[in-house]
Amino acid sequence: MADTILEVRNITKCFNSKKVSVKALTDVSFDIGKGETIGIVGESGCGKTTLGRCIVRAIEATSGNVYYTTEDGRRVDFLKVSHTEMKKIRKDIQMIFQDPYSSLDPRMTVLDIISEPLKANFPKMSKAELEARVVEIAGKTGLNTSYLKRYPHAFSGGQRQRIGIARALVLHPKIIVCDEAVSALDVSIQAQVINLLKELQREMDLTYIFISHDLSVVEYISDRVGVMYLGRLVEYADTVDLYSDPKHPYTEALLSAVPVADPDVVVERLPLSGEIPNPANPPTGCYFHPRCRYCIDQCRETSPVLMDVGGGHFVACHRAHELKLKGIKYEAVALEAAGTTSRDGCPEVDHE
Ligand code: SF4
């Protein structure tokens, strides 16, 4: 792995009301190397978005640490830094939001939207310099720079997401949390945006945390993948390893639902029975046991711990060493075929 840039340690998040306490995240830990992309997958409600928001401090974690190694080699806890330190490093960790339709203020021009973080971080920056920075980053993300005085409604979904990406990148961050960044887009536009993210990663030396429910997209973009279930990380491994040789029954079930483009390949579907349990009243033992086809008595009583089963493949399952689970040989070419990375060729206004 490349030099570690972020160490996520034991992140726990509880939402409390007068009547009930809901644990949305329990002891989530993993490391990210500089320039890597970590995919986080799981069903809706598994806590992946909450995790992303805790990491960027859009919401405060109840406990845990996020150690960030700064450019000058200092290791600071991003969740506990002083106000002065925060002002210096806040710009290094940014987020791209899920919905390109609601995440942009319709009353602001694209220029104002992209320049807003610059104004907040560099209040003395001249108007000319501000505009030059916006034009530079808008060009990098494939936006037509002569349309920057227009409002978001004049742009298509893919173009709006490029505006969101430009806003996240304008401060030249080191780490970007992409929260379902392409989920609201149709497949061909998804491919363009993902390929753009990959290009920008190479060009700007970015590290990504890519949160998505779509395992095909995550497989295509990620170096390593974490699988979450009911607020816990249940498996974490190198992407090829996790997809071809899953060790957790939940991962096996998720992978069996991934569409395969080759009609000659027959995949046995392993549908998950029942609903994801209520996090306010989670099951005993392994949280996955009510839906697990491999459940034994021990699973109902004892919660499995996330452990390394070899080669940096982490899994939280009592039976990880004995089960032979089915993976998939997913060729990550569909998105490449569907999308283009062309910045010049991308539609500029509402032509998608
Ligand atoms: Fe299934 Fe038991 Fe493993 Fe949980 S610990 S995933 S119930 S086999």
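Positions are given from 1 along the sequence. Remember, it's 1-based here, ligands and their atoms both numbered in the order they're listed.
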message: Using side-chain hydrogen bond (donor to acceptor under 3.5 Å, both in side chains), reason through Glu252 and Tyr294 one step at a time and then give a plain yes or no.
response: CA-CA 12 Å; Glu252 181 190 48; Tyr294 309 104; 2.8 Å; yes
Subset of ligand 1 atoms that lie under 4.0 Å from at least one heavy atom of His318: 3 (Fe), 5 (S)
query: Which atoms of ligand 1 are found less than 4.0 Å from any heavy atom of His248?
result: 6 (S)
query: Considering only heavy atoms, does Gln298 approach ligand 1 within less than 4.0 Å through its side chain, its backbone, both, or neither?
result: neither
- prompt: Should Met204 and Lys140 be marked as a side-chain contact (heavy atoms from CB on, under 4.5 Å) after you check the CA-CA gap, both sets of side-chain angles, and the distance that decides it?
  reply: CA-CA 10 Å; Met204 300 178 71; Lys140 275 188 198 288; 4.1 Å; yes
- prompt: Do Asp31 and Arg9 sit within salt-bridge range, that is, some charged N less than 4.0 Å from a carboxylate O?
  reply: yes
- request: Just say parallel, tilted or perpendicular for the rings of Phe288 and Tyr229, cut-offs at 30° and 60°.
  value: perpendicular
For atom 1 (Fe) of ligand 1, closest protein heavy-atom neighbour: Cys292 SG, 2.4 Å
- prompt: Is Asp205 salt-bridged to Lys34, going by a charged N under 4.0 Å from an acidic O?
  reply: yes
Residue Pro249 vicinity, atoms of ligand 1 by number, heavy atom under 4.0 Å: 1 (Fe), 6 (S)
- request: Examine the proximity of ligand 1 to Cys317 and report which part, side chain or backbone, both or neither, has a heavy atom under 4.0 Å away.
  value: both
query: Looking only at heavy atoms, which two atoms of His289 and Pro283 are closest? And how far apart?
result: CE1-CB, 3.9 Å
query: Can you tell me which residue and heavy atom of the protein come closest to atom 2 (Fe) of ligand 1, and the distance to 0.1 Å?
result: Cys299 SG, 2.2 Å
- request: With heavy atoms of Cys286 as the reference, note each atom of ligand 1 found under 4.0 Å away.
  value: 4 (Fe), 5 (S), 6 (S), 7 (S)
